[in-house]
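Because only heavy atoms are used, hydrogens play no part in the values below, and waters and symmetry mates are left out as well, while side chains stay in. Predicted model only: the values in this text are computed from it and were never measured. Position 1 is the first residue of the sequence, and the numbers go up from there.
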Amino acid sequence: MAEPLLSNGIPTSSLAVEANPEDLVHLACPICYRSFIDQNNSSLSITSADGSCIECHACKKAYLNNGIYLDLTIAGGLKEYDQTLPFLTEFFRGRLISYLYERGWRQSFRWGGFPGLQRELEMAKYYLRPAKGGTIVDASCGSGLFSRRFAKSGMYSLVVALDFSENMLQHCNKFIKQEGISKKNLILVRADISRLPFVSSSIDAVHAGAALHCWSSPSAAVAEISRILRPGGVFVATTFIFDAIPIAVPVLRMLRKFYIGNSSNYIFLSEGELKDLCQACGLVDVTCIRNRLFVMISATKPS
């Protein structure tokens with residue numbers, strides 16, 4: 001396959017993204033979901049001389065490429081529109097939590113039953129076996145705790161480290177440099193989990209470690225994940241659940257509804273709700289592994 005070109009004739013390898021150019025065909029405008037690569041002439045539209053913006057061929061929206069990550073959010077780069085976001089979304093965009101994430105924050109999840117990083121990675125890789133040699137999106141990747149390990153494993157042709165937090169992606173990039181990880185099969189993307197910038201049915205696997213309870217709309221996010229997965233693709237996620245004491249579930253559901261409605265904070269689901277949600281979004285073979293408040297869920301898009 002010939003290397004896709006920018007609209008001014010420059011090869012896509014001149015972009016800050018170092019992944020194989022043909023892998024860029026998976027990336028799409030989050031407005032119209034059209035691939036950034038024009039299928040008619042294998043070109044990528046550019047709107048600035050230095051390659052700092054790419055443009056959707058269809059809707060003409062420009063997206064920033066700052067040399068560290070591609071900002072594929074709809075509101076990214078807008079001058080007048082000021083997006084109002086839930087408190088915790090803004091919290092995870094902050095410098096402090098981004099700094100602390102791998103310096104004690106994530107490790108503290110052991111209190112809830114998380115098995116520890118290495119064991120969690122091994123469990124995830126077991127369910128991610130169908131994606132070997134393909135493209136994996138590490139959704140809500142934070143500072144790239146798992147993205148970096150996926151890239152180093154050599155199991156995937158492309159790893160997309162995706163998060164909404166600019167600071168998390170900055171830290172991810174710092175860790176990549178510190179650990180000497182090649183970015184030939186790793187790209188960093190800023191995106192909204194409810195509006196994923198990928199072509200439909202193009203991704204082999206989506207992983208979301210300790211993230212689902214942070215999503216403002218789990219239903220919208222899982223629907224998007226189902227959309228981008230290819231037939232046979234897998235979704236693997238870990239999260240906290242609130243039904244560790246079954247007899248308390250009805251009361252906890254009422255309290256959760258009140259709490260979320262007044263705070264827009266974490267959405268802790270039960271195992272039954274997680275399975276129901278995946279199945280409603282067209283995923284099958286849903287399995288759960290639990291330990292106290294920890295759950296790992298895996299699901300597959302039907303072939």
Side-chain angles (χ1 to χ4, degrees), residues 1 4 12 17 19-45 54 56-59 61 63 70 72-74 124-125 127-141 147 150 155-164 185-208 211-212 215 217-237 274-287 297-303:
M1 177 180 177
T12 52
V17 177
N20 295 324
E22 57 266 28
D23 288 325
L24 294 176
V25 299
H26 298 310
L27 295 175
C29 170
I31 296 174
C32 66
Y33 295 136
R34 290 278 297 274
S35 172
F36 285 115
I37 302 296
D38 190 327
Q39 300 303 311
N40 295 322
N41 57 18
S42 297
S43 69
L44 180 68
S45 183
I54 58 175
C56 174
H57 286 275
C59 64
K61 171 75 167 69
Y63 298 92
L70 295 172
L72 301 183
T73 58
I74 294 175
K125 286 168 69 174
Y127 288 108
L128 291 168
R129 287 175 301 166
K132 187 175 182 179
T135 296
I136 183 172
V137 174
D138 190 21
S140 299
C141 68
S147 307
F150 289 148
M155 289 179 59
Y156 311 101
S157 62
L158 178 66
V159 177
V160 181
L162 181 146
D163 205 279
F164 189 76
N185 70 328
L186 173 63
I187 60 173
L188 277 58
V189 172
R190 180 173 182 250
D192 184 343
I193 191 65
S194 297
R195 200 75 186 177
L196 292 172
F198 302 99
V199 175
S200 297
S201 302
S202 66
I203 302 299
D204 297 284
V206 175
H207 171 265
L212 199 150
W215 297 343
S217 176
S219 58
V222 176
E224 271 293 88
I225 289 168
S226 180
R227 178 186 66 80
I228 68 172
L229 284 175
R230 64 164 176 79
V234 293
F235 170 46
V236 178
L274 287 170
K275 290 181 176 179
D276 198 26
L277 178 56
C278 287
Q279 291 165 353
C281 293
L283 302 177
V284 298
D285 299 329
V286 184
T287 62
I297 187 168
S298 66
T300 303
K301 187 169 181 177
S303 299

(request) Could you tell me whether the side chain of Ser35 and the main chain of Val25 form a donor-acceptor pair under 3.5 Å? (result) yes
(request) Indicate the atoms forming the closest heavy-atom contact of Leu158 with His26, along with that distance. (result) CD2-CD2, 4.4 Å
(message) Quick check: closest heavy atoms across Pro231 and Ser303, and the distance to 0.1 Å?
(response) CB-CA, 3.7 Å
(message) For a 4.5 angstrom cut-off between non-hydrogen side-chain atoms, does Tyr127 reach Val234?
(response) no
(message) Can you list everything that forms a side chain to side chain donor-acceptor pair (under 3.5 Å) with Ser298? Sequence neighbours excluded, please.
(response) Thr287
(request) Evaluate the side-chain contact (heavy atoms from CB on, under 4.5 Å) criterion for residues Phe235 and Leu229: first the C-alpha distance (whole Å), next the side-chain angles of each, then the deciding distance (0.1 Å), finally the verdict. (result) CA-CA 8 Å; Phe235 170 46; Leu229 284 175; 4.2 Å; yes
Extract all donor-acceptor atom pairs below 3.5 Å that involve side chains of residues 274-286 and protein atoms in other chains or at least two apart in sequence.
{"unit_1": "Lys275", "atom_1": "NZ", "unit_2": "Glu271", "atom_2": "OE2", "d": "3.0"}

(message) Just verifying a value: how many Å separate Leu70 CG and Ile54 CD1, rounded to the nearest 0.5 Å?
(response) 5.5 Å
(request) For residues Leu196 and Val137, determine if any side-chain heavy atom of one lies less than 4.5 Å from a side-chain heavy atom of the other. (result) no
(request) Can you see which heavy atom on Asp138 is nearest to which on Ser147, and at what distance? (result) OD2-OG, 2.5 Å
(request) Look up atom CZ in Phe198 and atom CG in Leu72, then write down how far apart they are to the nearest 0.5 Å. (result) 7.5 Å
(request) Keeping to residues at least two apart or across chains, list the side chain to side chain donor-acceptor pair (under 3.5 Å) pairs with something in residues 223-236. (result) Tyr33-Glu224, Ser200-Arg227, Asp204-Arg230, Glu224-Arg227
(message) So does Gly134 get a backbone contact from the side chain of Ser157, meaning a donor-acceptor N/O pair under 3.5 Å?
(response) yes
(message) Test of understanding: with ring-ring contact (aromatic ring centres under 6.0 Å, His included), list the residues that count as partners of Phe150, not counting sequence neighbours.
(response) Tyr156, His207
(request) Kindly give the heavy-atom pair with the smallest separation between Ser202 and Val199, and that separation in Å. (result) OG-O, 2.6 Å
(message) Quick one, Lys61 and Pro30 - any side-chain contact, counting heavy atoms below 4.5 Å?
(response) no
(message) How long is the straight-line distance from CD1 of Ile31 back to CZ of Arg195, given to the nearest 0.5 Å?
(response) 8.0 Å
(request) Could you pull out all residues at least two apart from Ser140 that satisfy side chain to side chain donor-acceptor pair (under 3.5 Å)? (result) Trp215
(message) Can you give me the closest heavy-atom contact between Cys56 and Cys32, atom names plus distance?
(response) SG-SG, 3.4 Å
(message) If I compare all heavy atoms of Ile193 with all of Ala139, which pair ends up nearest, and what's the gap?
(response) CD1-CB, 3.7 Å
(message) With rounding to the nearest 0.5 angstrom, report the CG to CG distance, Leu162 to Leu188.
(response) 9.5 Å
(request) Scan for salt bridge (Lys or Arg N to Asp or Glu O under 4.0 Å) pairs involving residues 155-164, sequence neighbours excluded, and state none if there are none. (result) none
